[in-house]
Amino acid sequence: MSTLLRTVPYVWRNLVRRPLRTGLTVAGIAVATFLFSFVESMRDGVRRATEAGASETTLVVYRQNRFCPFASQLPQSYASTIARIPGVRSAVPIKIVVNNCRASLDVVTFRGVPEEGFIEGKMRTVRMVEGSLDAWKSRGDAALVGAALAERRRLRPGDRFTAAGVSTWIAGIFESPDVQDRNVAYVHLPFLQESAQRGGTGGIVTQFNVEVEDHASLEPVAAAIDAAFASDQFPTTTRPESAFVARAARDVLAIVGFASVVGWASLAAVFALIANAIALAVRDRVRDHAILQTLGFTGGTLAWTVMLEATMLGLSGGAIGAAGAYGVLRAAGINFTMEGVSIEVTSGTAVAVAAIGIAALLGAVAGAAPAWGAARREIVQGLRAG
Amino acid sequence: MAAIECRALRKDYRRGDEVIHTLMDVDLSIDAGGFVALMGPSGSGKTTLLNLLAGIDRPTAGSIAVDGTEITRLGRGALAAWRSGTVGYVFQLYNLVPVLTAYENVELPLLLHPLTRAERHRRVSEALELVGLAARHSHLPRQLSGGQEQRVAIARAIVTRPRLLLADEPTGDLDRESAAQVMDLLARLNRELGQTIVMVTHDPATALRALRTVHLEKGSIVDATVRAEAAP
């Protein structure tokens, strides 16, 4: 083992003193790993937004067979009916106004919420980073803006902000663990209803967010809500929040499914790049390897140096690519929003570590065949080469 | 006691259906501390014999014992370990690793030995000092002259303190002055450190620097000359 460790500097010098070959190979691996990390982050964001966790206790009540906040119209009076259903902890009517109903990277979503229910419910789970809740309560046109939306639109407390015909005053910016919160602006429900009243929608909301007692109650409560309004003028469809997001994001899910092919193709590119670089390196160094064997290097030690070089290439290219993707995603703050729901593409350390690990592993695998060939070559043949 | 004992050594190569007999029943004994020059025309089997003595090629038949170790019976791994501890090899074309400095080239064989970094440094410095290139330790091979490269190669060959130093036409690619420096160095290693040396050469003047000259022709030893004293 110690012999193998003593050869590490030799392998390192082989890499750094052939800067053109190493630089080009590492750059190629970095680009491929960047793509892979980016796609995986996107998949990760979709997964987190659409897969139900064991702790999920939120239902979304939407107008049946409607798929856009513009079309989903429910009477605000449904809230009291929903609140009486056994298993329901709270029901918050929400009016949603978006500036674009289709999938986009810069959708502004306003959620009109009743002051009392909002403070008791949502505000317990978020953290104010700028401005204050008191400022929001003090003005009818005030908005509390999620951190991701604030960063994207460069919003600060005290700014006026207009989108989708709704003009608000920024009272505060908050951070939330829920991606749906980070990309919306919460405004007072009456204000949003009034702003949207040009279409005669006073007393009308887009959806109800219903908190149930526990995760097991989700399905029976959803069924009970839909049954309560089944014969009403405005029938409902009630789903767990993650399922609601998954339905709204179905187009993006299809795109992400396709993008995963790009991710795997990127890994294939990493493998091909390293395999090509190492195969050429071993071919160029047949004589060097014969000299090393003459000095007493065993086939195993020689194979180790080849595989270590391939692994180092994968590791360094992978690290650069993964770090690049991490930095770009962190700086860009990418959110897909469609039909008023958001999917956040965030840079996670798990994805970065996995990308680096996979690139290093692919390096080792790509180096295996050339390493085996180098280890088995006869010394005299090698000395005659070149 | 003989350092090297070759008995009925034979090496055949196959080229298509043709079998080429490169060495035929060679018997050779070399005493410890000896300095032997192998001479002969191209294709006479000099380098093949040297490679067999170095354990980098296998004989078709016969035996080679070096300090009592029958190397033809060693497996690949054991033979590599034996080379690492016993043999220093100097090539005609120096064969330094191009991306390593003179110091790093000389250090290479020591990486296989359980030595501390400080001990490796001491040995490499001594070897470079011995060949007169301590000041060039940080130079890459392309920054050295042919003679300097060959002296670095000799430092690399002796840094592990091998019992046997083998040199394949060590002056074959050098000008007269550099060749003389290299031969002076080999003669000094033999005379002052008692290093056993076997050297292949085409040049009769170079062969005179050895204590014994063995002539090969068509794979067989045809003549041997022993001198009481090597030429200066």
Is A:Asp288 close to chain B through its backbone or its side chain, or both, or neither, when contacts mean heavy atoms under 4.5 Å?
side chain
Answer whether the closest heavy-atom distance between the side chains of B:Arg156 and A:Leu295 falls below 4.5 Å.
yes
Heavy-atom count around A:Arg283 CZ within 6.0 Å, excluding the residue itself: above 12?
no
Contacts of residues 261-280 of chain A with chain B (heavy atom under 4.5 Å)
none
Partners meeting side chain to side chain contact (heavy atoms under 4.5 Å, CB included) with B:Arg120 (sequence neighbours left out):
A:Arg6, B:Glu107, B:Leu110, B:Leu111, B:Leu115, B:Arg117
Do side-chain atoms of B:Arg83 reach the backbone of A:Gln293 as a donor and acceptor pair under 3.5 angstrom?
yes
Side chain, backbone, both or neither of A:Arg285 within contact of chain B (heavy atoms, under 4.5 Å):
neither
Between B:Leu79 and chain A, with a heavy-atom cut-off of 4.5 Å, which part of the residue counts as in contact: side chain, backbone, both or neither?
neither
Do A:Arg384 and B:Tyr13 form a cation-pi contact, if we require the NZ or CZ to be under 6.0 Å from the six-membered ring centre and within 45 degrees of the ring's axis?
yes
Sorted by number, residues from residues 368-378 of chain A in contact with chain B (heavy atoms, under 4.5 Å):
A:Ala375, A:Arg376, A:Arg377, A:Glu378
Counting heavy atoms not belonging to B:Gln181, are there more than 12 under 6.0 Å from its CD?
yes
Interatomic distance, B:Asn51 atom CG to A:Leu383 atom CG [nearest 0.5 angstrom]:
7.0 Å
What's the shortest heavy-atom distance between B:Thr101 and A:Arg17, and which atoms?
N-NH1, 3.9 Å
Start with the C-alpha gap between A:Leu292 and B:Leu108, add the side-chain angles, then the distance that decides, and say whether side-chain contact (heavy atoms from CB on, under 4.5 Å) holds.
CA-CA 8 Å; A:Leu292 292 178; B:Leu108 260 182; 3.6 Å; yes
From CG (B:Asn95) to CD1 (A:Ile291), nearest 0.5 Å:
3.5 Å
Sequence neighbours excluded, which residues qualify as side chain to side chain contact (heavy atoms under 4.5 Å, CB included) partners of B:Glu149?
B:Tyr94, B:Leu96, B:Pro141, B:Leu144
OG1 of A:Thr298 to CG of B:Leu112: how many Å apart, nearest 0.5 Å?
7.5 Å
Heavy atoms of A:Gly296 and B:Ser84 approach each other most closely as CA-CB, 3.8 Å
